[in-house]
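First up is the structure itself, then whatever we jot down about it.
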Number of protein chains: 2
Amino acid sequence: MATDHTRSAILTAAERLYADRGFADVTLRDIVAAADVNLAAVNYHFGSKDELIAELFVTRSLATNRERLNELKAAEEAGGGRAEIDVVLRALVGPTLRGCLGPDKQRSDAARFMIRASIESVPPIRKIKNREVDHLRKFAAAMKRALPGRDEVDLYWGLHFALAMAHQTIRDTERLTKLSDGKCDLNDVNAIIDRVVAVATLALTTNPGRSKTGPRVNVLAAR
Amino acid sequence: MATDHTRSAILTAAERLYADRGFADVTLRDIVAAADVNLAAVNYHFGSKDELIAELFVTRSLATNRERLNELKAAEEAGGGRAEIDVVLRALVGPTLRGCLGPDKQRSDAARFMIRASIESVPPIRKIKNREVDHLRKFAAAMKRALPGRDEVDLYWGLHFALAMAHQTIRDTERLTKLSDGKCDLNDVNAIIDRVVAVATLALTTNPGRSKTGPRVNVLAAR
DNA sequence: TTGCATTTCAAACAGACGTATGAAACTATG
DNA sequence: CATAGTTTCATACGTCTGTTTGAAATGCAA
């Protein structure tokens with residue numbers, strides 16, 4: 001029992017390597033080298049490579065979802081069963097963005113691993129991933145409570161876009177940094193969360209249809 | 001000369017397979033089986049697997065960029081050297097979205113291949129991909145012409161978010177369909193383009209400031 | 001200690017991968 | 001037709017993959 005040191009060393013090393021280099025490029029031999037354990041240990045403790053990946057994904061997936069729901073539940077209880085739409089969205093994208101872009105290295109590995117998992121769909125993960133939809137449904141419901149008059153389809157698109165902006169920001173920090181010559185600050189996580197939430201909120205609270213020909217706002221006053 | 005049938009059969013089959021299943025899961029033997037050519041043909045015509053991938057990517061990358069720039073140039077010439085922001089954004093996300101979600105199967109393979117390439121970064125592509133930033137800079141410039149008063153950083157974030165929404169919509173149609181119980185229509189490509197462009201335009205043309213739903217969000221210029 | 005179960009280890013396994021080879025089948029020019 | 005050049009083909013090569021094996025090491029109860 002004292003010696004599941006091996007087990008957790010494998011998990012930690014695997015998560016970091018997968019987060020850094022993706023599933024395709026990382027072999028079991030890479031993992032055991034990083035964890036400084038024997039090659040056969042993976043199959044002994046996890047059964048197979050796929051089961052190792054699945055265990056990582058399940059653990060992290062549950063943790064992320066729990067974190068999101070805690071934030072949502074706290075907000076809705078504070079608001080008497082209903083939270084403002086921007087607060088709901090913040091609970092949705094905040095945990096992942098903080099996890100990926102924040103300073104904590106261990107959390108960063110975990111969150112970036114989840115992003116990888118959501119992109120490069122490997123067989124062991126694909127099966128489990130369908131549960132995510134059930135999780136997101138709870139946020140769709142909270143959004144419906146926040147904006148009862150809004151067309152349901154708009155809500156789904158808003159949720160979809162919010163996640164899209166958050167994930168792409170994590171996935172492709174490099175391009176944005178290069179494109180903006182470093183002017184877009186990707187270290188200020190809270191500012192990024194504010195930005196994503198703001199755009200998604202805007203999309204969900206503005207009346208569609210009159211966008212193109214509407215009066216253009218003078219932005220000069222805005223710093 | 002008449003017999004680069006083999007060559008193009010390989011290209012077509014490879015593009016379709018990579019688009020469908022990603023780079024990691026597709027072997028040369030899968031490709032030659034689908035193309036109904038001999039295994040050695042790939043190395044004979046392309047030199048190596050990596051060079052095959054690179055050729056696919058370069059070809060498609062140039063085509064996509066050309067299509068985008070044509071649309072942008074036409075719009076700016078019609079407007080006397082300046083296009084409205086939503087038109088610029090439409091030129092940015094339209095070609096890819098039409099390509100991926102539209103009915104044309106060949107184009108769909110091409111566009112979905114490009115999405116894969118932008119996600120699962122394999123070595124042969126990674127090197128070439130840096131040029132994309134130069135391409136996007138032209139759109140950043142057009143956006144600057146469309147919204148001369150807007151803070152530069154906001155423009156970059158707007159461009160980033162527009163691409164994020166477009167790509168995620170292509171990448172994860174399945175989740176949105178499931179989540180919305182089929183209520184979000186992913187066959188109406190023009191409606192999707194309108195939606196993406198509308199949200200991005202909104203984000204770029206709305207005055208930053210207090211959200212109507214609470215004091216907490218200091219919107220676009222979140223810093 | 002002895003005995004038994006758990007865990008580690010070096011080594012080997014079978015299979016799949018990208019690539020190389022050399023002969024056979026073509027095409028085209030004279 | 002003959003011949004030179006190109007393209008196809010079956011086959012084999014070396015390497016890397018995940019997994020298995022059986023023995024050695026370790027932990028722990030009696």
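The sequence lines fix the lettering, A, B, ..., with proteins before strands; numbering per chain opens at 1. Heavy-atom basis, side chains included; hydrogens, waters and symmetry copies ignored.
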First of A:Asp25 and B:Ala41 reached from the 5' end of DNA chain D, by closest nucleotide: B:Ala41

Short side-chain N/O contact to D:dG18 OP1/OP2 from A:Ser48, under 4.0 Å: no

N/O (side chain, B:His45) to phosphate O (OP1/OP2, D:dT8) under 4.0 Å: yes

Centroid separation A:Phe23 to A:Phe113 less than 6.0 Å: yes

Whole-Å distance between [N] [atom2] and [X] [atom1]?
{"X": "B:Asp36", "N": "D:dA10", "atom1": "CG", "atom2": "C1'", "value": "15 Å"}
{"X": "A:Leu28", "N": "C:dC9", "atom1": "CG", "atom2": "P", "value": "16 Å"}
{"X": "B:Glu51", "N": "C:dA20", "atom1": "CD", "atom2": "C1'", "value": "15 Å"}
{"X": "A:Ile53", "N": "D:dT17", "atom1": "CD1", "atom2": "C1'", "value": "13 Å"}
{"X": "B:Leu52", "N": "C:dT19", "atom1": "CG", "atom2": "C1'", "value": "14 Å"}
{"X": "B:Asp50", "N": "C:dC17", "atom1": "CG", "atom2": "C1'", "value": "13 Å"}
{"X": "B:Arg7", "N": "D:dT8", "atom1": "CZ", "atom2": "C1'", "value": "16 Å"}
{"X": "A:Asp4", "N": "C:dT7", "atom1": "CG", "atom2": "C1'", "value": "12 Å"}

For [X] and [Y], test the side chains for any donor-to-acceptor distance below 3.5 angstrom and give the result as yes or no.
{"X": "B:Glu51", "Y": "B:Ser48", "answer": "yes"}
{"X": "B:Lys138", "Y": "B:Asn65", "answer": "no"}
{"X": "A:Lys49", "Y": "A:Asn43", "answer": "no"}

Step-by-step side-chain hydrogen bond (donor to acceptor under 3.5 Å, both in side chains) determination, A:His160 to B:Thr169: CA-CA 8 Å; A:His160 172 75; B:Thr169 301; 2.9 Å; yes

B:Gly102 backbone acceptor or donor facing B:Arg98 side chain under 3.5 Å: no

B:Arg68 (side chain) donor-acceptor with B:Leu92 (main chain) under 3.5 angstrom: yes

Heavy-atom closest pair, residues A:Ala24 and A:Glu120: N-OE1, 4.0 Å

Candidate pair A:Arg116 and A:Ile125, rule side-chain contact (heavy atoms from CB on, under 4.5 Å), full reasoning: CA-CA 11 Å; A:Arg116 288 276 188 196; A:Ile125 288 183; over 6 Å; no

Close N/O contacts between protein and nucleotides 14-16 of chain D (under 3.5 Å):
none

Quick test: give all pairs of protein nitrogen or oxygen and nucleotides 20-25 of chain D nitrogen or oxygen below 3.5 Å, distance rounded to 0.1 Å.
none

